[in-house]
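First the structure, in the form of structure tokens, and then the observations on it.
We use all heavy atoms of the structure for the numbers below, so side chains are in, but hydrogens, waters and symmetry mates are not. Every value quoted in this text rests on a predicted model; they were computed, and no experiment measured them.
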Amino acid sequence: MKKILLRGMCAVLGVAVMSSGKVSAQTSESPLAHSRAFAVEQMPVRKMGNGGESRDIVHGVLTTGESVALHESEQPAGMTPNPAHRIEHTEFIVIVEGTMEYLHDGKAERVGPGGVLYIAPGTEHQVKNVGSGPAKYVVVAVGKDVKK
């Protein structure tokens with residue numbers, strides 16, 4: 001299910017994503033100039049301080065002008081990737097495996113596999129793995145943080 005979800009999301013974004021300014025070693029063209037697949041085994045793994053892992057999938061600009069960043073993460077049971085924080089871009093978090101608790105606007109909501117969290121700009125929020133096993137999820141960030 002994880003690979004299918006990632007492929008589907010990347011295929012949709014790959015059609016719309018334009019050059020990010022990164023140049024492929026094999027050609028002078030951006031790797032995001034054309035539709036493509038992003039193989040999970042080719043994504044470098046970043047280890048997090050809490051024992052979790054994260055993989056960057058793509059960073060670029062949509063044809064409509066919005067910046068987009070896509071990454072997948074895995075958090076151990078009981079862990080949170082970040083303290084409560086505020087962002088000035090939009091995020092969607094698609095839960096692939098496990099159960100996440102989403103704290104925002106004075107409330108807590110839980111979602112499991114297939115559930116989606118929406119974080120509006122300016123929302124102070126935090127997520128936490130409240131399941132008994134690892135939680136895996138994909139983050140789609142749209143737009144850039146606005147400096148105030």
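Asn82 and Gln126 form no side-chain donor-acceptor contact under 3.5 Å, judged by distance and modelled atom types alone. Inspection of the Arg46 and Ser54 side chains reveals an N or O donor paired with an N or O acceptor under 3.5 Å.
Distance check, rounded to the nearest 0.5 Å: CD of Glu124 to CD1 of Ile87 gives 11.5 Å. Separation of atoms NE2 (His104) and CG (Leu117) is listed at 8.0 Å; rounding is to 0.5 Å. Put simply, OG1 on Thr123 and CZ on Arg86 are 7.5 Å apart, with the number rounded to the nearest 0.5 Å. With rounding to the nearest 0.5 Å, the separation of NZ in Lys128 from CZ in Arg110 is 9.0 Å. Considering CG of Asn129 and OH of Tyr137, their distance stands at 9.0 Å, rounded to 0.5 Å.
Side chain of Thr80 to main chain of Val127: a donor-acceptor pair is present (N/O by atom type, distance under 3.5 Å, no hydrogens or angles). No donor-acceptor pair under 3.5 Å is formed between the side chain of Asn50 and the backbone N or O of Met79.
Residues Val130 and Val139 fall into different hydrophobic clusters, defined by Ile, Leu, Val, Met, Phe, Trp and Tyr side chains chained together at heavy-atom separations under 4.5 Å.
Note on ring orientation: taking the six-membered ring where Trp is involved, the planes of Tyr102 and His125 are perpendicular (angle over 60°, cut-offs 30° and 60°).
No side-chain heavy atom of Ile93 sits less than 4.5 Å from a side-chain heavy atom of Tyr118. For the pair Met48/Pro81, a side-chain contact is recorded, criterion being any heavy-atom separation below 4.5 Å from C-beta on.
None of Val94, Asp56, Val96, Val40 except one satisfies the side chain to side chain contact (heavy atoms under 4.5 Å, CB included) rule with Glu72; the exception is Val40.
With respect to Glu74 and Lys136, a salt bridge is recorded, a charged nitrogen being found less than 4.0 Å from a carboxylate O.
The shortest non-hydrogen separation linking Met43 to Ile57 is SD-CG1, 3.5 Å. Nearest heavy atoms, Ala108 versus Glu101: CB-OE2, 3.9 Å. Listed here is the closest heavy atom pair of Ala77 and Gly131: CB-O, 3.4 Å.
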Practice prompt. Output, in order, the C-alpha distance, side-chain angles, deciding distance and verdict of side chain to side chain contact (heavy atoms under 4.5 Å, CB included) for Val140 and Val68.
Written response: CA-CA 7 Å; Val140 179; Val68 64; 4.2 Å; yes
